[in-house]
Amino acid sequence: MSKTILTGKEYSTVKEIAGPLLFVERTTGISYGEVVKIRTPTGEERTGQVLEVDEKRAIVQVFEGTSGLDVTKTVTRFTGDTLKFPVSLDIIGRIFDGSGKPIDGGPEIIPEDERDIHGAPINPYSRAHPSEFIQTGISAIDGMNTLVRGQKLPLFSGSGLPHNLIAAQIARQAKVLGKEEEFAVVFAAMGITSDEARFFREDFEKRGAMDRVVMFINLADDPAIERLITPRLALTAAEFLAFDYDLHILVILTDMTNYAEALREISAAREEVPGRRGYPGYMYTDLATIYERAGRIHGRKGSVTQIPILTMPHDDITHPIPDLTGYITEGQIYVERALHMKGIYPPINVLPSLSRLMNEGIGKGKTREEHRYVADQLYYAYAEGRSLRELVAVIGEEALTERDRLYLEFADRYEREFINQGPYEDRDIEKTLDIGWNLLAMFPETELKRIDPVYIKKYHPKYKEKKES
């Protein structure tokens with residue numbers, strides 16, 4: 001039975017309830033993505049969205065879950081509208097739940113506009129190429145795998161590793177150098193615990209960062225279905241602030257693994273044919289609809305930069321979630337358990353890490369003219385030192401040459417002095433590069449084959465000291 005009312009079509013033909021899904025029969029004129037209001041037998045109203053529609057039925061995902069619903073007494077009202085988020089400049093400094101409702105005790109947002117949470121794809125012709133350096137204050141990122149404005153650069157981590165601490169540090173410290181430009185952070189957390197949510201909130205408030213942060217929090221005990229809209233709400237807020245108000249927005253999404261698990265759960269409830277490890281075959285496309293919302297647009301001052309964070313199940317970088325993410329994004333920052341076990345923070349292994357847009361954001365006028373050369377030399381020396389560690393485990397240190405011992409010592413010092421820093425230590429790019437030079441100074445100049453001799457004469461500590469004296 002259906003009756004058309006002013007606010008949409010109302011049905012009481014729920015045939016089946018499976019997990020977070022309702023199967024509504026004998027529907028007509030229903031659209032994919034349409035918002036649905038569900039009235040429970042107790043009179044409570046919940047919100048859902050049309051996942052699938054055909055001539056006979058509509059499948060609705062319920063964001064608050066389906067507990068307490070009854071196939072005979074549940075009424076669904078199809079509103080004819082899509083999911084929208086009310087946006088305003090007042091959202092900065094506010095905290096929302098995973099469905100976009102304020103949870104910080106502040107007033108309701110008076111919207112300037114309501115935006116579809118799925119956004120609109122950026123025309124490839126309109127995209128501006130990312131080319132401006134963002135300083136995170138973390139040497140392993142700024143010096144070796146530089147983040148560029150408009151880039152999407154994920155953090156690949158593992159269970160129990162300090163990715164939340166790294167995320168909070170980046171959110172606090174990230175800034176654009178040399179320009180007095182408005183910079184804000186949109187932080188979206190999916191499936192995190194109450195303790196983690198409290199950590200992020202208190203950290204931002206204590207360090208004075210909350211007045212430039214917009215937070216979206218979906219807790220582990222919130223409905224899994226809500227996790228599918230949380231990152232889209234965050235990106236809708238980011239696009240509004242970037243392209244309507246010319247702000248430079250850094251979007252941090254944690255944890256994309258929880259998002260993918262929710263996607264798998266919904267796929268299973270819909271009885272879809274599973275792909276790799278049970279994840280739906282369209283997961284690549286779905287992740288791309290999130291990641292590709294980063295970027296810059298010609299003629300607009302604002303930008304959206306993304307740092308998605310995901311925990312690799314069993315630290316497996318070939319798992320479908322990091323694997324597909326790596327195809328879509330422009331590199332990855334790899335958080336390593338072995339470094340964490342040695343007490344190094346942040347435990348970022350720069351060898352498997354990569355920023356494909358690094359060359360666009362460094363050099364003269366952006367960081368420093370010798371940046372690329374120093375990064376290449378540090379990378380080579382650290383890779384050499386790490387491979388020698390493996391050799392020592394087989395043949396012993398006594399069999400090493402003097403040169404080998406130098407590289408072995410360098411690897412230890414590089415981890416302790418360059419990678420290792422405090423969670424509240426904000427290093428500027430000058431300090432990061434100077435630390436790199438001080439480490440490279442332990443080698444004879446003949447070993448610095450990846451650095452132009454002009455820069456050695458200009459920046460090597462030995463020559464700098466002579467000039468200063």
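What you see is a predicted model; the values in this text were computed from it and never measured.
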Is the NE2 atom of His314 crowded by more than 12 outside heavy atoms at less than 6.0 Å?
no
Taking all non-hydrogen atoms of both residues, which atom of Ala294 and which atom of Ile122 are closest, and how far apart?
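Scanning both residues completely, I find the closest heavy atoms to be O-CD1, 4.3 Å.
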What are the two closest heavy atoms between Met358 and Met144, and how far apart are they?
SD-O, 3.2 Å
Using a strict threshold of under 4.0 Å (side-chain N to carboxylate O), is an ion pair present between [Y] and [X]?
{"X": "Arg227", "Y": "Glu261", "result": "no"}
{"X": "Glu415", "Y": "Lys342", "result": "yes"}
{"X": "Asp434", "Y": "Arg368", "result": "yes"}
{"X": "Asp286", "Y": "Arg232", "result": "yes"}
{"X": "Arg389", "Y": "Asp412", "result": "yes"}

Working for side-chain contact (heavy atoms from CB on, under 4.5 Å), residues Glu384 and Arg403
CA-CA 11 Å; Glu384 190 80 356; Arg403 177 185 178 277; 3.4 Å; yes
Cation-aromatic face contact Arg115/Phe240, 6.0 Å, 45 degrees
no
For the residue pair Phe443 and Phe410, does the interplanar ring angle fall in the parallel (under 30°), tilted (30 to 60°) or perpendicular (over 60°) class?
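Tilted: the ring planes of Phe443 and Phe410 meet at 30° to 60°.
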According to the interplanar angle, ranging from 0 to 90°, do the rings of Tyr455 and Tyr373 count as parallel (below 30°), tilted (30 to 60°) or perpendicular (above 60°)?
tilted
Spatial distance of atom [atom1] ([X]) from atom [atom2] ([Y]) [nearest 0.5 Å]:
{"X": "Gln135", "Y": "Asp426", "atom1": "CD", "atom2": "CG", "answer": "6.5 Å"}
{"X": "Leu241", "Y": "Leu89", "atom1": "CG", "atom2": "CG", "answer": "6.5 Å"}
{"X": "Ile307", "Y": "Thr136", "atom1": "CD1", "atom2": "OG1", "answer": "7.0 Å"}
{"X": "Thr193", "Y": "Leu219", "atom1": "OG1", "atom2": "CG", "answer": "8.0 Å"}
{"X": "Ile192", "Y": "Asp222", "atom1": "CD1", "atom2": "CG", "answer": "9.5 Å"}
{"X": "Leu439", "Y": "Tyr414", "atom1": "CG", "atom2": "OH", "answer": "8.5 Å"}

May I ask you to check whether His298 and Ser126 show a side-chain donor-acceptor distance below 3.5 Å?
no
Can you see whether Asp142 engages Thr432 through a side-chain donor-acceptor pair at a distance of less than 3.5 angstrom?
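No, Thr432 and Asp142 have no side-chain donor paired with an acceptor closer than 3.5 Å.
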Please name the residue in the list His460, Glu370, Gln377 that meets the side-chain hydrogen bond (donor to acceptor under 3.5 Å, both in side chains) test with Trp437.
Glu370
[X] side chain to [Y] main-chain N or O, any donor-acceptor pair under 3.5 Å?
{"X": "Ser88", "Y": "Ile91", "answer": "no"}
{"X": "Thr82", "Y": "Gly33", "answer": "no"}
{"X": "Gln169", "Y": "Glu425", "answer": "yes"}
{"X": "Gln421", "Y": "Ser139", "answer": "yes"}
{"X": "Asp97", "Y": "Ile217", "answer": "no"}
{"X": "Lys366", "Y": "Glu360", "answer": "yes"}
{"X": "Thr305", "Y": "Gly150", "answer": "yes"}

Please name all residues satisfying salt bridge (charged side-chain N to carboxylate O under 4.0 Å, His left out) with Arg127, sequence neighbours left out, ordered by chain then number.
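Residues passing salt bridge (charged side-chain N to carboxylate O under 4.0 Å, His left out) with Arg127: Glu292.
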List the atom pairs, donor and acceptor, that lie under 3.5 Å between side-chain atoms in residues 349-357 and the rest of the protein, sequence neighbours left out.
{"from": "Asn349", "atom 1": "OD1", "to": "Leu351", "atom 2": "N", "distance (Å)": "3.0"}
{"from": "Asn349", "atom 1": "ND2", "to": "Glu336", "atom 2": "OE2", "distance (Å)": "2.8"}
{"from": "Ser353", "atom 1": "OG", "to": "Tyr334", "atom 2": "N", "distance (Å)": "2.8"}
{"from": "Ser353", "atom 1": "OG", "to": "Asn349", "atom 2": "O", "distance (Å)": "2.7"}
{"from": "Ser355", "atom 1": "OG", "to": "Thr146", "atom 2": "O", "distance (Å)": "2.6"}
{"from": "Ser355", "atom 1": "OG", "to": "Gln151", "atom 2": "NE2", "distance (Å)": "3.1"}
{"from": "Arg356", "atom 1": "NH1", "to": "Thr329", "atom 2": "O", "distance (Å)": "2.9"}

Taking it one step at a time, do Arg296 and Ser131 satisfy side-chain hydrogen bond (donor to acceptor under 3.5 Å, both in side chains)?
CA-CA 10 Å; Arg296 306 196 62 191; Ser131 63; 4.9 Å; no
Taking the six-membered ring for Trp and the full ring for Phe, Tyr or His, determine whether the centres of Phe156 and His319 are under 6.0 Å apart.
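No.
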What do you reckon, are the aromatic ring centroids of Phe96 and Phe85 less than 6.0 Å apart?
yes
Thr325 and side chain to side chain contact (heavy atoms under 4.5 Å, CB included): which partner among Ile290, Leu287, Thr257?
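Answer to the side chain to side chain contact (heavy atoms under 4.5 Å, CB included) test with Thr325 among Ile290, Leu287, Thr257: Leu287.
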Would you check, one step at a time, whether the test side-chain contact (heavy atoms from CB on, under 4.5 Å) holds for Glu330 with Val148?
CA-CA 10 Å; Glu330 292 126 0; Val148 180; over 6 Å; no
